[in-house]
Amino acid sequence: MRTHLCGQIGPAEVGTKVRVCGWVAKRREHGEHLAFVDARDHTGIVQCVIPGTVDVRSEYVIAVEGVVRPRPEGTVNPDLPTGEVEIGDCTVEVLGIAEPPPFVVDDRVDVDETIRLKNRFVDLRRPRMQQNLRLRAQINGALRASMDRQGFVEVETPLLWAPTPEGAREFVVPSRLHHGSFYVLPQSPQLAKQLLMVAGFDRYYQIARCMRDEDLRADRQFEFSQLDVEASFVSQEDVLAFVSEAVLSAAEVATGERPGPIPHMTWAEAIDRYGTDKPDLRFGMELVDLSAVFDGTEVKAFAAPCVKAMVIEGGADLGRSKLDKLTDRAKALGAKGLAWFRVTDGGGEGSTPGLDSPLDRFLSEPERAGLLSATAAAVGDLVLVVADEHRLACTVLGQLRVDTGGRPVSEGPFRFLWVVDFPMFDGVDGDGNPIAAHHPFTMPHPDDLDRLESDPASVRSQAYDLVLNGWELGSGSVRVHRGDIQSRVFAVLGISDDEAESRFGFLLRAFHFGAPPHAGFAVGIDRLVAIFAGEESIREVIAFPKTQSGSDPMTGAPKPLAAGLLAEVGLRPAPAKD
RNA sequence: GGACCUGUGGUGCAGCCUGGAGUGCACGCCGGCCUGUCAAGCCGGAGGUCGCGGGUUCAAAUCCCGUCAGGUCCGCCA
């Protein structure tokens, strides 16, 4: 039906009779003797010259036949990749007519996202979306190829799984054959892949769809894709190497160059220096510890276990309302307050810098000097200080660091980072039991195993995250494969034998039949692609995403079901709320 | 569950703070003219429940309350 793609027409095709197919991007008529039609397909736009009139409109589907020729002197269009040539003496066949599109098929206009999603089939025609989805396909291909090269076997796991109440809320699917019973859609293939390890598939991977019925965000959809990996007879370092190889080869496909080796940082260091477990290494603004400076201070606001600071370069000109907003933000994040100090020139020539702050008059001279030297703040800078428990002080400032210094996704280098040695537990539940930071099958750090019962909060795990430019790309861990350790972990978590049996009985049973040591990881593909595409939202790299309230403006999903269909799966509509 | 922002012809915006006729801009659409344009140009035209509901007022796109939709964030996402 066609001999060339639109974007392929160039000087090499001059003199060749060609036939291209595509959509009418633009029509320019010049009377009864001349008209231009820009034909567009996913490779680009080519100008077709019609010696007469032409009866086409925007977005008509056409086939154009003509002979490629150089454009006449002075009519070359340097803004168009095909702009040196045109298809001359064209005949146009209309393959399909079109109503005027709801918005221009052009990257240059920002259209309301609801309208884009309602007309996604038009939106996806736009070059940006074409590029994003094609980039995604390339990245998927690179990931698969890398895992294949490394000897991994792709195995598919069920979408209809058993309810195994874990972290995320699960989507439920009623059973037609067993009224009153339900499948759930997997929030990840976690248990399935561990079973595959027991089954002897010692290197498994899958590009897996995962579903979590939790509130949506720019970087979270109900359903998302992971490069899911698990391997037996491997160490944590082996897993990091496998996954590094995969994401670096994806980076190479996406950007044309391969980033260097991915550095490691412990979780504790990430929190202390960046106030987050997913530091964005593209910029500095590292946190500074002032606890020693304010040890035994008279300043009530700083009488806390930890005093942490961050410098905003040139931030001294921030007005009171901006500072109030930062304070509000800090409070919303859990801080009791936010102290700020403008660094001033201190008056006289060559004098030491001074501080401008409501708190300044409470500071002793050593504290004032210590604050300035520890933060290395210069005149014109702004120093933000939070005093609280160490973790909270760090995370509040870490968030302010991103709020005030954060770079656009599209900017700067790709800075991967492995964050290792996560804590085994994070916080306690309503019954006072520790909560698993990763999941209950995570192997404690061998050096900390003897403190599992006596001091669980201090126990590190063999869990690790992959971070890219401040986004959490994925996480993994070495798994518990020994029954005795698993029992101890369950005991600390407050999971009884009966509960473990009812939730994960099939996995525990499998482990009785010869479980190899194993470890794994999962990489969030939507986020990976979004970052390489320079997109702030993963919706821009998903063909048919949901809105923040979980609906699809195009299909109208979710929708009520007819009563008959409900009855067939054994459900009755709930009585209408008053 | 909560906070904030947005909603005005098909699209993108201005108008709102400080109430006074659906007023304006750009693009698109329809018709006409036009032999080298390229986000063509020129002339003419059509197109509106100012998201929806209520309130205040002589008068509401504008002020107030509620609600719906979209977005960003907190909670949530082992």
Side-chain angles (χ1 to χ4, degrees), chain A residues 25-40 45-53 57-59 69 71-80 82-83 86 88 99-119 122-123 164-170 187-188 190-191 210-222 224 325 328-334 396 399 402-403 422 424-427 429 434-442 461 463 472 475 477 489 493 495 503-504 524 536-537 539 545-551 553:
Chain A
K26 203 72 201 175
R27 170 197 54 156
R28 293 177 294 278
E29 286 185 305
H30 289 255
E32 55 182 319
H33 300 293
L34 178 68
F36 300 97
V37 170
D38 289 340
R40 181 196 63 237
I45 284 175
V46 65
Q47 172 167 283
C48 309
V49 186
I50 288 95
T53 60
R57 306 275 163 149
S58 288
E59 301 308 316
R69 65 192 190 199
R71 293 205 186 185
E73 191 79 30
T75 65
V76 166
N77 183 355
D79 297 331
L80 210 58
T82 62
E86 63 191 12
E99 292 176 21
F103 50 87
V104 208
V105 181
D106 192 317
D107 287 343
R108 284 172 291 202
V109 268
D110 274 329
V111 181
D112 180 84
E113 196 167 344
T114 317
I115 293 165
R116 292 178 57 201
L117 290 181
K118 185 164 186 173
N119 303 278
V122 173
D123 188 43
T164 54
E166 294 168 41
R169 189 179 297 114
E170 295 163 324
Q187 46 184 297
S188 85
Q190 180 61 38
L191 302 181
C210 308
M211 295 81 173
R212 297 181 187 173
D213 190 1
E214 298 288 351
D215 287 0
L216 280 46
R217 288 281 196 284
D219 62 351
R220 283 167 22 197
Q221 285 272 302
F222 282 152
F224 57 99
K325 274 190 179 152
D328 289 346
R329 174 74 165 156
K331 285 179 178 167
L333 293 164
V396 168
Q399 188 59 54
V402 173
D403 289 351
F422 270 67
M424 186 76 187
F425 307 104
D426 191 12
D429 65 18
I435 299 168
H438 188 54
H439 60 54
F441 315 109
T442 302
S461 68
E472 181 193 325
S475 56
S477 63
V489 172
L493 290 171
I495 299 174
R503 282 168 67 178
F504 325 112
E536 302 281 346
S537 163
R539 294 188 299 276
K546 306 279 188 292
T547 67
Q548 193 164 61
S549 66
S551 57

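Just so you know, these numbers use all the heavy atoms, side chains as well, and skip hydrogens, waters and symmetry mates. Computed from a predicted model, the values in this text were never measured in an experiment. Each chain gets a letter, A, B and so on, in the order the sequences are listed, and its residues count up from 1.
Base pairing of rG75(B) is not made with any nucleotide, judged by Watson-Crick or G-U wobble geometry with both donor-acceptor distances under 3.5 Å. For rU18(B), there is no paired nucleotide, since no Watson-Crick or G-U wobble pair has both relevant distances below 3.5 Å. A 3.5 Å limit on both hydrogen-bonding distances identifies rG32(B) as the Watson-Crick or G-U partner of rC42(B). Across all strands shown, the partner of rG24(B) is rC13(B), judged by Watson-Crick or G-U wobble contacts whose two distances both fall under 3.5 Å.
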In 5'-to-3' order, the base (B), backbone-only (S) or no-contact (-) status of each nucleotide in nucleotides 69-74 of chain B, using a 4.0 angstrom heavy-atom cut-off, is -SBBSB
For nucleotides 25-34 of chain B, read 5' to 3', which letter fits each nucleotide if B means a protein heavy atom sits under 4.0 Å from the base, S means only the sugar-phosphate is that close, and - means neither? ---SSSS--B
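Contact of the T114(A) side chain with the T547(A) side chain is not registered, since no non-hydrogen atoms from C-beta on lie closer than 4.5 Å.
A donor-acceptor contact under 3.5 angstrom links the side-chain atoms of R69(A) to the base of rG36(B). A donor and an acceptor atom sit less than 3.5 Å apart, one in the side chain of R220(A) and one in the base of rC76(B).
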Audit row: R329(A), D403(A), side-chain contact (heavy atoms from CB on, under 4.5 Å) steps and yes/no: CA-CA 9 Å; R329(A) 174 74 165 156; D403(A) 289 351; 2.6 Å; yes
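When the side-chain nitrogen and oxygen atoms of R28(A) are compared with OP1 and OP2 of rA40(B), one or more of them lie within a distance under 4.0 Å.
Here I435(A) pairs with D429(A) under the side-chain contact (heavy atoms from CB on, under 4.5 Å) rule; sequence neighbours left out. In this structure, the side-chain contact (heavy atoms from CB on, under 4.5 Å) partners of H30(A), at least two apart in sequence or on a different chain, are R28(A), L34(A), F36(A). A search for side-chain hydrogen bond (donor to acceptor under 3.5 Å, both in side chains) contacts involving R212(A) returns nothing, not counting sequence neighbours. Residues meeting the side-chain contact (heavy atoms from CB on, under 4.5 Å) test with I495(A), sequence neighbours left out: F490(A), L493(A), E499(A), A500(A), R503(A).
Stacking is not found between F103(A) and the pyrimidine-like six-membered ring of the rU11(B) base under the 5.5 Å centre-distance and 30° plane-angle cut-offs.
Distance CD1 (I115(A)) to P (rG9(B)): 9 Å, rounded to an integer number of Å. If you take NZ of K331(A) and P of rA3(B), they are 18 Å apart, rounded to a whole angstrom. Between E59(A) atom CD and rU11(B) atom C1' the separation is 14 Å, expressed in whole Å.
Checked for salt-bridge contact, D38(A) and K26(A) miss the test: no charged N lies under 4.0 Å from a carboxylate O.
Comparing P102(A) and F36(A) by the nucleotide of RNA chain B that holds the closest heavy atom to each, the one mapping nearer the 5' end is P102(A).
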